[in-house]
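Every chain is numbered from 1, with letters handed out A, B, ... down the list of sequences.
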Protein chains: 2
Amino acid sequence: MKLTVEDILDAAQSLVDEEGLGGLNMRAIARRLDVQGSALYWHIHNRSELLTMLANLYYQRAFDLVPANLDWPEWLRTYGRAFHTELLAHRDAAQICGLARPASRSVAKGLDRLAAPLLSAGLTRTQALACQSSVIALAVGWAMYEQSPHMKSHLARALDIPGSFLQGLDAMVTGLAGTVLPANRKTPGRRKG
Amino acid sequence: MKLTVEDILDAAQSLVDEEGLGGLNMRAIARRLDVQGSALYWHIHNRSELLTMLANLYYQRAFDLVPANLDWPEWLRTYGRAFHTELLAHRDAAQICGLARPASRSVAKGLDRLAAPLLSAGLTRTQALACQSSVIALAVGWAMYEQSPHMKSHLARALDIPGSFLQGLDAMVTGLAGTVLPANRKTPGRRKG
DNA sequence: ACCTGAACACCGTTCAAGT
DNA sequence: ACCTGAACACCGTTCAAGT
């Protein structure tokens with residue numbers, strides 16, 4: 001019966017899905033949970049922290065969808081597609097990623113967790129994070145335009161939006177695979193764990 | 001002496017540069033121009049239109065920096081670098097691009113103007129817009145993270161941020177050059193106009 | 001035509017007070 | 001510990017009224 005952070009996140013996300021980020025205010029969230037707006041502040045610090053938590057869910061859910069036993073370029077491609085799909089599944093998700101201040105310590109752990117599959121494939125930490133970051137940047141950038149209603153309808157008239165994103169992603173990952181490990185194009189493949 | 005839209009844009013941009021997007025409110029802009037907040041509404045429709053005009057300046061200024069006589073992959077690469085640099089020159093510019101609703105007609109003209117150098121190099125309109133969009137998405141996505149203070153300081157500890165963006169951009173453009181026009185890798189080169 | 005002054009509805013956040 | 005109720009400071013926007 002008691003209010004939890006998960007309740008707040010659920011209410012916030014469904015509110016954004018229905019009314020957009022502009023409709024996300026503390027009183028409206030509270031109304032859905034049958035409490036006063038001020039009650040939320042017992043469970044979260046402020047609205048910005050709430051956005052941060054929402055954004056972290058997007059990264060997390062995409063990560064959980066990607067099998068661990070892919071070679072690294074294929075892992076990157078698959079994560080990029082999954083993250084992009086996850087963003088498009090939630091209205092204004094790309095904007096939320098942009099507004100999110102990284103969570104206190106979860107940013108350090110999160111980034112490294114994201115990069116782990118690339119590390120175990122033999123990339124250095126720097127290489128892994130660089131590739132990972134470019135893939136995330138491409139997905140969030142595309143989603144940002146796809147989630148702007150006017151921009152999307154205009155782009156949709158001129159090009160195949162999902163196809164164009166995939167083309168860009170494939171091009172980038174292929175290019176990275178050629179430059180990051182030029183001497184090690186074929187990775188050893190699946191490994192347990 | 002009279003207030004102009006340019007005055008408002010200048011004041012808005014310098015306010016954002018100094019205090020961030022959070023500090024951009026209509027009354028603060030007006031204060032810098034020695035008018036009341038309500039005076040701004042004679043010249044612009046609302047705050048959202050103001051953000052849209054700021055964003056369009058970023059696209060525009062980057063475009064103006066790129067020479068027209070490059071072959072199309074080099075043109076794309078150069079535009080991507082210029083746009084990314086322009087975004088980083090203005091605090092929270094990537095977020096502003098995300099919040100901007102495309103201007104009434106300037107979006108149609110703007111996109112096609114952006115794509116013109118690619119069209120004259122022999123790409124179809126669809127191909128040109130797809131490549132252009134992926135480059136813009138990558139730049140805006142990277143800038144979004146680079147302009148989040150916490151995220152940036154954390155990324156900076158683990159990788160070379162400007163280098164990683166350039167690596168991603170180069171990889172993508174090279175990949176696009178290989179897939180978009182596989183039979184026409186060498187463009188005919190400079191053309192008058 | 002262009003701007004002021006005052007107002008309206010709304011928002012994030014705080015905090016004493018309740019249970 | 002957890003929530004209410006009221007308040008504070010602030011915001012975008014409107015509009016009658018001035019010049």
Relative to each other, are the rings of B:Y145 and A:Y59 parallel, tilted or perpendicular (30° and 60° limits)? tilted
Do the side chain of [X] and the main chain of [Y] share a donor and acceptor less than 3.5 angstrom apart?
| X | Y | value |
| --- | --- | --- |
| B:Q127 | B:T124 | yes |
| A:R47 | A:L24 | yes |
| B:T52 | B:S48 | yes |

Watson-Crick or G-U pairs under 3.5 Å in DNA chain D, rendered as dot-bracket with [ ] for crossing pairs and | for another strand: ||.|||||...|||||.||
Which part of the nucleic acid, if any, lies within contact of B:L24, taking any heavy atom under 4.0 Å across all strands shown: a base, the sugar-phosphate backbone alone, or nothing? sugar-phosphate
Give a yes/no answer on whether the side chain of A:N25 brings an N or O atom under 4.0 Å of OP1 or OP2 in C:dC11. yes
With respect to the phosphate group of D:dC3, does any side-chain polar atom (N or O) of A:H43 fall under 4.0 Å of OP1 or OP2? yes
Using whole Å, what does the distance between atom [atom2] of nucleotide [N] and atom [atom1] of [X] come to?
| X | N | atom1 | atom2 | answer |
| --- | --- | --- | --- | --- |
| A:W42 | D:dC2 | CH2 | P | 6 Å |
| A:R27 | D:dC8 | CZ | P | 14 Å |
| A:K2 | D:dC3 | NZ | P | 7 Å |
| A:L50 | C:dT13 | CG | C1' | 14 Å |
| B:N46 | D:dC15 | CG | P | 14 Å |
| A:L40 | D:dT4 | CG | P | 9 Å |
| A:I8 | D:dC2 | CD1 | P | 12 Å |
| A:Y41 | C:dT13 | OH | P | 4 Å |

Close aromatic pair by centroid cut-off 6.0 Å: B:Y58 and B:F83: no
For A:A121 and A:W72, work out which heavy atoms get closest and say how close. CB-CB, 3.6 Å
What pair of heavy atoms forms the shortest contact from B:G175 to A:A171, and how long is it? C-CB, 3.6 Å
Earlier contact from the 5' end, DNA chain C, for A:S38 and A:G22: A:G22
Taking the side chain of A:A39 as heavy atoms from C-beta outward, which of C:dT13, D:dG12, D:dT4 is closest to it? D:dT4
